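Chain letters run A, B, ... following the sequence lines, proteins first and then strands; every chain starts at 1. Only a predicted model underlies this, so the values are computations on that prediction, with no experimental measurement involved.
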Protein chains: 2
Amino acid sequence: MSPSRQPYHHGNLREALLAAAFRLVDSQGPESVSIRALAREAGVSSAAPFRHFADKAVLLDAVAARARAELDRKLDESTPRDADVLTQFRAMTVAYVRFAAEHPRLFDLMQSSGSTSGRFLGDLEDERRLKLIALICEGQNAGLIPEADPELIALTSEALTHGLARMVVDGHPRLASLSSEDARKLALAATQLLQSGIGLS
Amino acid sequence: MSPSRQPYHHGNLREALLAAAFRLVDSQGPESVSIRALAREAGVSSAAPFRHFADKAVLLDAVAARARAELDRKLDESTPRDADVLTQFRAMTVAYVRFAAEHPRLFDLMQSSGSTSGRFLGDLEDERRLKLIALICEGQNAGLIPEADPELIALTSEALTHGLARMVVDGHPRLASLSSEDARKLALAATQLLQSGIGLS
DNA sequence: TGGATAATGTTAGCACTGCTTACACCTAAA
DNA sequence: TTTAGGTGTAAGCAGTGCTAACATTATCCA
């Protein structure tokens, strides 16, 4: 009955491991995650984690999923409801690029762990993507957006957003370790440019 | 004098290791590269590789450098000399996205090994970037490109290019395992869109 | 030409990893 | 209260990166 100093069961090992791994990936990248080390940190034997995660890859997938949820939350928070299409798109781009600038390693993991889980993680969620396309159609009806394949427009917009984010993460020389504020400015300027066009051909 | 079956020295171990690692990364990704396995394949002891590469990271950096050279070559080949700015930019984008589609793992390594070597690898080379900016200024003088900060225009163009490439690599649902030809079409359509602009705001 | 020197290989081994198997314990449901 | 299943442990296998000490060969200079 007396609660021994070290109870046989940890209580919520799964969450503890996941949280520790999340922090580690965020600060040092996935290659410095070791299951044995996580187990030590949690005060548990090195085989225990395998009761909760079949594989190291599965653990990292879970970390990626959590990161994706976090990004999703920030995208939702930052998007002003009932604003016009272009404003919404700009806000999304800003939030996306900021997340990449603030959590480059998590952002990177999100993408690269996609093949393991079979589900695309790195970019906009499917649901969000459909919404974007709907917004574009709406904009076209309102005469705000030129008539062209909405899917292509969505894809191009996504590419610009994703490209900016990845350039920050990948250490583009002019974008190295961008501050959040600079990330915001860059995202705004670039989306502006996409809207007005770059050439007159 | 008689050439024994297994001469003590390999001859060109460095190149053999590098080539094998290059192939392996291209086909299976960097995490399935093992120095010991490379040594076995080369018929050499497991300590020998360290005479040529201080580190596993150094080996992978060398692979990344080779991949970058390969991409550079393809970019050069594909760019028509003495064409107008927009044509050149489109050609570059196409070549870039195609390379990513054909060698996703090499493309990925190029970017992620940047932090190790301290040099940005994933995107356009510095030299090429300067040339792009020069082209843009030229285009502005010729009235082909609107007056705006040339660096911003270059950055935005790069972002679109890089973003398309990464979306292919990262397994975007609509872009999963794109054929070379489809990659070409996509790159063309998207750059076209960037040139004409997406909104009328 | 010969002999030191540097380059490149070998063997053995350390510390670490992911992961498995067999067993121990504790909890919750029948 | 028993029993089944979830969760922990200990021990160990196969593999890894990397190092230290030693062996062999190529190269270059007296």
* **Minimum heavy-atom distance B:P30-B:V25, with the two atoms named** => CA-CG2, 4.0 Å
* Structure fact -> When A:R66, A:K74, A:R68, A:R73 are each screened for side-chain hydrogen bond (donor to acceptor under 3.5 Å, both in side chains) with A:E70, the one that passes is A:R73
* Taking CG from B:L17 and P from C:dT8, how many angstroms apart are they, rounded to a whole number? -> 12 Å
* To do: For B:R90 and B:D84, run salt bridge (charged side-chain N to carboxylate O under 4.0 Å, His left out): C-alpha distance rounded to whole Å, both residues' side-chain angles, the deciding distance at 0.1 Å, then the answer.
  => CA-CA 10 Å; B:R90 270 199 298 262; B:D84 70 303; 5.7 Å; no
* For the side chain of B:K56, counting heavy atoms from C-beta on, which of D:dC18, C:dG18, C:dT21 is nearest? -> D:dC18
* Asked: Do A:R36 side-chain and C:dG18 base share a donor-acceptor contact under 3.5 Å?
  -> yes
* Structure fact -> Between A:A54 and A:A37, whichever has its closest DNA chain C nucleotide further toward 5' is A:A37
* Structure fact -> From CG of A:L38 across to C1' of C:dC16 the rounded distance in Å is 15 Å
* State yes or no: are the ring centers of A:F107 and A:H103 separated by less than 6.0 Å? => no
* **Rounded distance (Å) that lies between atom P of D:dT7 and atom CZ of A:F53** => 12 Å
* Within this structure, what is the CZ-to-P distance between A:F50 and C:dT17, rounded to whole angstrom? -> 11 Å
* In whole angstroms, how far is the P atom of C:dA6 from the CZ atom of B:R51? -> 14 Å
* Which part of the nucleic acid does B:R40 contact within heavy-atom distance under 4.0 Å: base, sugar-phosphate only, or nothing? -> sugar-phosphate
* A:R166 and A:Q111: side chain donor to acceptor below 3.5 Å -> yes
* Below 4.0 angstrom from OP1 or OP2 of D:dG15, is there any side-chain N or O of B:S34? -> no
* Asked: What's the CD1-C1' distance between B:I35 and D:dC18, to the nearest Å?
  -> 8 Å
* Just how far, in rounded Å, is C1' of D:dG6 from NE2 of A:H52? -> 9 Å
* Asked: Of the non-hydrogen atoms in B:L160 and B:A190, which two are nearest, and what is the gap between them?
  -> CD2-O, 3.8 Å
* Asked: Which part of the nucleic acid, if any, lies within reach of B:S45 when heavy atoms closer than 4.0 Å are counted: base, sugar-phosphate only, or nothing?
  -> base
* Asked: Will you find, in the side chains of A:H172 and B:E158, an N or O donor that is under 3.5 Å from an N or O acceptor?
  -> yes
* To do: Rounded off to whole Å, could you give me the CG-to-C1' distance for the B:L60 and D:dG17 pair?
  => 12 Å
* How sharply is the helix from C:dT1-D:dA30 to C:dA30-D:dT1 bent, taking the axes over five pairs at either end and rounding to 10 degrees? -> 0°
